[in-house]
Visitor: 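Sharing a structure with you now.
Heavy-atom basis, side chains included; hydrogens, waters and symmetry copies ignored.
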Amino acid sequence: MNDFPHHFGLAVRRSREAMGWSQEQLAAQADLNRSYVGEVERGQVAVSLATIGKLAQALQVAQSTLVQRGEELHQHYLVRAQHMRRLAAIAG
């Protein structure tokens, strides 16, 4: 299972919240539908490069920065899950 869309969405949400914006504000700035922004933030859709570009421009970051933020979260949660499996194996 690929959780990257979920972690990318989390990166978008954190970036939006850091700007102090609602989903509606981000959607307006990125010329996207508010419900679609919600789906992105929940990791329910795999976004296109065009959408990454719109979101990054609206959030005033490079596209690569936005993707990197998602990748960093993805790696963090992979390491965390691996650590939890090790602890479960030791305990069980």
Side-chain angles (χ1 to χ4, degrees):
M1 180 163 84
N2 183 1
D3 289 332
F4 183 75
H6 172 75
H7 297 124
F8 177 80
L10 181 57
V12 170
R13 184 174 73 224
R14 287 182 178 180
S15 297
R16 173 183 59 78
E17 290 173 345
M19 300 281 288
W21 288 353
S22 66
Q23 285 184 345
E24 290 83 3
Q25 289 169 304
L26 175 56
Q29 290 294 320
D31 193 29
L32 296 168
N33 184 286
R34 201 266 338 137
S35 63
Y36 182 70
V37 169
E39 291 174 348
V40 169
E41 289 188 358
R42 290 187 301 277
Q44 294 175 326
V45 294
V47 298
S48 68
L49 291 174
T51 299
I52 291 171
K54 287 180 174 187
L55 290 167
Q57 185 174 6
L59 294 166
Q60 302 171 7
V61 298
Q63 295 173 34
S64 59
T65 299
L66 193 55
V67 172
Q68 182 178 1
R69 289 175 182 173
E71 179 63 23
E72 288 169 356
L73 287 168
H74 186 63
Q75 290 302 318
H76 170 78
Y77 284 102
L78 286 176
V79 168
R80 184 175 173 206
Q82 186 178 45
H83 179 70
M84 296 301 289
R85 283 192 297 274
R86 281 191 209 131
L87 288 176
I90 292 170

Visitor: How many angstroms lie between atom CD of Q23 and atom OG of S35, to the nearest 0.5 angstrom?
Guide: 9.0 Å

Visitor: What's the spacing between R86 CZ and Q82 CD if we round to 0.5 Å?
Guide: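 Those atoms lie 4.0 Å apart.
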
Visitor: Can you find a heavy atom in the side chain of H74 that is under 4.5 Å from one in the side chain of D3?
Guide: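 Yes, close enough: below the 4.5 Å cut-off.
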
Visitor: Return the CD to CG distance between Q57 and D31, rounded to the nearest 0.5 Å.
Guide: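 Q57 CD to D31 CG: 10.0 Å, rounded to 0.5 Å.
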
Visitor: Nearest 0.5 Å, what's the CD-OG distance between E41 and S15?
Guide: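 So the gap between those two atoms works out to 9.5 Å.
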
Visitor: When clusters are formed from ILVMFWY side-chain contacts under 4.5 Å, directly or step by step, what else is grouped with M19?
Guide: F4, F8, V12, W21, L26, L32, Y36, V37, V40, V45, V47, L49, I52, L55, L59, V61, L66, V67

Visitor: Are the side chains of R14 and R69 in contact, using a 4.5 Å heavy-atom criterion?
Guide: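 Answer no - side chains too far apart.
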
Visitor: Short question: side chain of Q75, backbone of E72 - any donor-acceptor pair under 3.5 Å?
Guide: no

Visitor: Apart from L87 itself, what residues make up its hydrophobic cluster when side-chain heavy atoms of I, L, V, M, F, W and Y under 4.5 Å apart count as a link, directly or indirectly?
Guide: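 Besides L87, the hydrophobic cluster comprises M84, listed by chain and residue number.
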
